[in-house]
Amino acid sequence: SLKCAAVRNGCTASLNVKVTKIGSLRVNSTDSGANVFQSLAVDDKVKKRACVCLLVREVYHTCYRLHPLPSSSFHLSPFLFLQEMTGNYTRKEVEDSGSLPVVVRFPWQPYLSASGLQRQKRDWVIPPINVPENSRGPFPQMLVSIRSDKDRSINIRYSITGVGADQPPNEVFSIDPEKGKMYVTKPLDREERSSYHLRAHAVDMNGNQVEQPVDLYIFVIDMNDNRPEFKNQVYNGSVMEGSKPGTTVMTVTAHDADDITTSNGMVYYRILQQTPHSPIPNMFTINRETGDIVTVAAGLDRERVSQYTVIVEATDMEGNLNFGLSSTATAIISITDVNDNPPEFTQSTFSGEVLENSVNVVVANLTVMDKDEPRTPNWNAVYRIVSGDNGRHFTIRTNPETNDGMVTVVKPVDFEMNRAFMLTVVVSNQAPLAEGVQASLQYTAGVTISVKDINEAPVFPDNPKMVRFEEGVPAGTIITTFAAKDPDTFMQQSIRYAKLADPANWLSINSSNGQITTTAVLDRESIYVKKNIYEATFLAADNGSPPASSTGTLQIYLIDVNDNAPSLVPREAQICERANANSINITAADADTDPNVGPFVFELPMHPSAIRRNWTVSRLNGDYARLSLRIQFLESGVYEVPISVSDSGNPPLSNRSIIKVKVCPCDEHGDCTAVGAVAAAGLGTGAIIAILICIIILLSMVLLFVVWMKRREKERQTKQLLIDPEDDVRDNILKYDEEGGGEEDQDYDLSQLQQPDSLEHIMTKPVVPESQYPLRPVVPHPGDIGDFINEGLRAADNDPTAPPYDSLLVFDYEGSGSTAGSVSSLNSSSSGEQDYDYLNDWGPRFKKLADMYGGGNDD
């Protein structure tokens with residue numbers, strides 16, 4: 001022990017400091033107003049029972065200095081007391097590492113003595129407490145005893161506050177309020193909480209604080225009570241085949257809930273098992289600290305082993321198998337494929353055949369073998385034709401499922417030009433071969449394609465064929481010869497021709513040589529001519545087996561001739577009755593084309609003379625002219641003005657057209673007034689009045705018709721009400737929608753329902769249905785019908801299982817036990833004893849039946 005003392009005004013105070021290591025100390029004061037002791041030096045030259053301390057500090061204008069004291073002069077001072085130790089220290093002759101700090105703190109509490117001098121009294125201080133987790137007790141287990149020097153004169157009560165005492169989790173720690181002994185009440189778990197910070201309080205019996213609260217630090221010491229846990233039970237990784245030793249495959253990680261700064265939480269890894277053991281049992285190793293799995297041997301070949309299963313163990317206590325806890329996980333290592341196997345043809349030659357003129361047809365199938373992983377770029381085959389197909393008639397597509405090469409025709413082949421093809425094909429993969437892998441000698445193959453001849457259709461050399469002709473040529477004119485050729489030069493076949501489409505029916509074709517002749521006059525202005533071109537389609541067929549045919553289109557470009565006279569546009573117009581700037585612009589329409597159209601010539605005829613006297617035509621340009629009044633005023637009305645129009649054809653054609661001009665009075669804007677428009681239409685005042693009278697008469701007739709229809713409807717309804725209810729035998733739909741008041745409305749006399757004879761006065765009352773027909777009394781039906789209904793009613797009344805209320809009764813059931821007899825028992829003969837005279841009482845609707853059955857004796 002080293003003894004250090006503080007000197008104040010000649011008074012010394014010493015304390016006992018236990019220093020087990022040689023080094024340097026840093027001394028602090030707990031008083032908030034105190035400065036920090038700058039240094040406290042202890043070296044190996046100082047004896048263990050002495051210390052050299054330097055204090056640079058002024059408190060209340062008094063200098064304190066620490067100095068060594070002999071053991072004989074040691075006594076306890078109330079000024080200073082040990083609280084805790086920190087600082088840097090090392091073993092002797094070992095370089096300082098700057099770790100494991102130790103601090104010495106001195107609590108300061110100045111007070112004034114009776115003489116007015118200030119001195120320090122002793123504080124109560126508790127060092128940190130270490131408690132191991134998972135302790136087996138017994139509980140409660142005492143941790144520390146807290147005492148105050150005032151407990152000799154007064155009664156003191158001790159208490160603790162903080163997490164674990166009066167805050168959740170509550171009652172983990174307790175204290176004896178009288179003796180100050182603090183206990184732990186149950187086992188602690190460092191993984192739940194590694195430390196607790198409490199405050200101890202000392203109060204008198206009145207609750208007055210007698211000491212300053214002191215901090216209590218409880219640290220839970222870790223125990224190895226948790227196994228390492230892998231993040232995943234199964235890890236998936238991959239490495240390329242042929243990888244060099246030292247290639248990282250994957251990393252597995254395990255976590256230990258124990259303290260990672262101790263051996264309890266330090267996890268080490270190792271490989272327990274590898275499956276399969278090919279090519280050697282130890283293809284992989286693992287970094288014992290990081291969990292990295294790496295390859296340690298060459299020879300990974302996916303074609304031999306595509307997947308390895310490795311069992312990895314994680315152990316704490318730095319991998320100590322005797323004391324550490326362990327857990328395992330599975331690492332699945334997939335060997336990824338590289339293109340180390342080139343594709344090879346299964347045979348050196350292939351053959352196929354194709355019909356000429358076929359397209360998109362598979363003619364041969366090429367098969368290859370590749371050991372790499374299927375349906376990957378290392379396995380997918382790519383075929384290429386290197387020779388024998390100069391015309392590019394073929395291509396080779398790869399079947400994605402089988403990897404076969406399908407030789408396909410993409411351009412028609414002609415038997416007359418090529419009867420067979422000799423192709424050279426090479427195969428490779430989509431991915432290039434791995435470094436150092438040589439191509440196989442079987443990467444090329446020969447393919448022989450035979451062409452089969454078929455009967456080909458005749459071919460028109462020019463299709464469509466264009467010819468030029470003037471319109472208007474007479475029927476019987478030879479237009480051209482539209483002949484086809486047979487491509488089957490090795491077959492002696494003839495060709496026949498026929499007309500397939502001729503919209504205007506203007507042409508005919510010679511069936512032997514294809515000569516085309518007109519059968520009607522060609523008209524360029526026909527609706528079947530589009531942009532001066534008339535099209536017709538013809539058929540050419542050979543006599544092969546089977547016959548083949550083709551079509552050809554003939555286009556006739558019709559040259560225009562001046563065969564259509566121009567016509568005046570517009571045909572109707574209006575103009576003011578007084579001459580002014582108002583005029584009519586006219587033009588002409590001609591079905592021909594240039595040069596057989598405009599400029600046009602517009603002229604008024606010489607006769608009748610009134611035309612030129614009242615009207616004038618002036619030319620605006622080559623296509624338009626202006627028609628206007630020559631005189632100052634012309635009476636309102638409709639005038640027909642003839643105008644002659646001529647085109648510019650050679651020779652020109654002219655046409656006399658009539659334009660109807662309405663002359664009317666106009667307003668200040670030059671527009672015809674409404675009265676003027678009517679007058680211009682040729683209607684006088686009398687005609688207008690007559691039209692109005694006709695409209696009034698027509699409206700009156702419509703009104704009278706409506707009144708008559710309503711009256712007739714009213715009479716029909718009145719007549720219907722006069723029908724005797726007994727005579728109205730039409731079926732009525734009666735509405736019975738009132739079902740009583742529920743269960744509380746079931747207070748009835750069952751005896752009345754069991755005695756139907758007593759209900760006659762009720763049955764004779766008329767039933768009032770919600771119907772549009774008049775009321776009629778309900779009377780019993782005579783004859784067999786009435787008896788039948790009465791029998792059914794009696795059977796229902798005597799049935800003990802029948803419900804005690806009105807319900808729908810079924811009378812048409814003819815099965816076993818039915819109260820109704822068979823319908824076959826009814827006799828339809830009129831010669832029996834049945835009297836049908838009662839039918840006369842049923843009204844005029846049954847008069848016909850009464851005459852048929854009741855009046856038989858009169859006959």
### Message
Please tell me whether F460 and F482 form a close aromatic pair, meaning their ring centres lie under 6.0 Å apart.
### Response
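Yes, the ring centres sit under 6.0 Å apart.
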### Query
So, for Y557 and F469, is the gap between ring centers shorter than 6.0 Å?
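For Y557 and F469, the ring centres are not under 6.0 Å apart.
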Do [X] and [Y] meet the criterion of a side-chain donor-acceptor pair at a distance under 3.5 Å?
X	Y	value
S450	R419	no
T346	T367	yes
N505	K499	yes
S511	R496	yes
S628	S583	no

Taking every non-hydrogen atom, the tightest pair across [X] and [Y]:
X	Y	result
P487	P458	CD-CA, 4.1 Å
D542	A548	OD1-N, 2.8 Å
A298	M283	O-CE, 3.8 Å
S549	A541	CB-CB, 3.8 Å
A445	F350	CB-CE1, 3.9 Å
M250	I332	CE-O, 4.0 Å

Check the surroundings of atom [atom1] in [X]: do more than 12 heavy atoms from other residues, nucleotides or ligands lie under 6.0 Å from it?
X	atom1	answer
R571	CZ	yes
Y624	OH	no
M466	CE	yes
R630	CZ	yes
K371	NZ	no
Q438	CD	no

#### Entry: Listed once per pair and sorted, the side-chain hydrogen bond (donor to acceptor under 3.5 Å, both in side chains) pairs that draw on residues 354-363, sequence neighbours left out
N357-E456
### Task
Apply side chain to side chain contact (heavy atoms under 4.5 Å, CB included) to W379 and T376, showing your working.
CA-CA 5 Å; W379 178 81; T376 64; 3.9 Å; yes
### Working for side chain to side chain contact (heavy atoms under 4.5 Å, CB included), residues F415 and I454
CA-CA 8 Å; F415 175 81; I454 61 172; over 6 Å; no
To the closest 0.5 Å, what do you measure between [atom1] ([X]) and [atom2] ([Y])?
X	Y	atom1	atom2	answer
Y497	Q515	OH	CD	12.0 Å
Y534	L522	OH	CG	8.5 Å
N463	L554	CG	CG	10.0 Å
I478	T517	CD1	OG1	5.0 Å
I509	T480	CD1	OG1	10.0 Å
S646	R656	OG	CZ	12.5 Å

Is the shortest heavy-atom distance from the side chain of [X] to the side chain of [Y] under 4.5 Å?
X	Y	value
P642	I611	yes
V413	V354	yes
D340	D301	yes
V437	N339	no
V645	V601	no
T519	L507	no
L568	F602	yes
V521	V473	no

Got a donor-acceptor contact below 3.5 angstrom from the [X] side chain to the [Y] backbone?
X	Y	answer
D560	E471	no
T408	V361	no
T247	K244	yes
Q274	I280	yes
D389	F394	yes
N510	G514	no
D647	L653	yes
E640	I659	no
N543	Q493	no
N455	P546	yes

### Member of N341, N380, N403, D370 meeting the side-chain hydrogen bond (donor to acceptor under 3.5 Å, both in side chains) criterion with N429
D370
#### Entry: NZ/NE/NH1/NH2 to OD/OE distance under 4.0 Å, E401 and R375
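A salt bridge is present here (some side-chain N lies under 4.0 Å from a carboxylate O).
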### Task
Applying ring pair (Phe, Tyr, Trp, His ring centres under 6.0 Å), name anything that partners Y235, two or more places apart in sequence or on another chain.
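Per chain and number, Y235 pairs via ring pair (Phe, Tyr, Trp, His ring centres under 6.0 Å) with no residue.
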#### Entry: Worked check of side chain to side chain contact (heavy atoms under 4.5 Å, CB included) between S657 and I643
CA-CA 5 Å; S657 302; I643 298 177; 5.7 Å; no
### Task
Evaluate side chain to side chain contact (heavy atoms under 4.5 Å, CB included) for L620 paired with N585, printing each intermediate quantity in order.
CA-CA 9 Å; L620 296 178; N585 291 333; 3.6 Å; yes
### Candidate pair F284 and Y308, rule ring pair (Phe, Tyr, Trp, His ring centres under 6.0 Å), full reasoning
CA-CA 10 Å; F284 306 95; Y308 289 90; 5.4 Å; yes
### Query
What orientation do Y639 and W615 show, parallel under 30°, tilted 30 to 60°, or perpendicular over 60°?
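Perpendicular: the ring planes of Y639 and W615 meet at over 60°.
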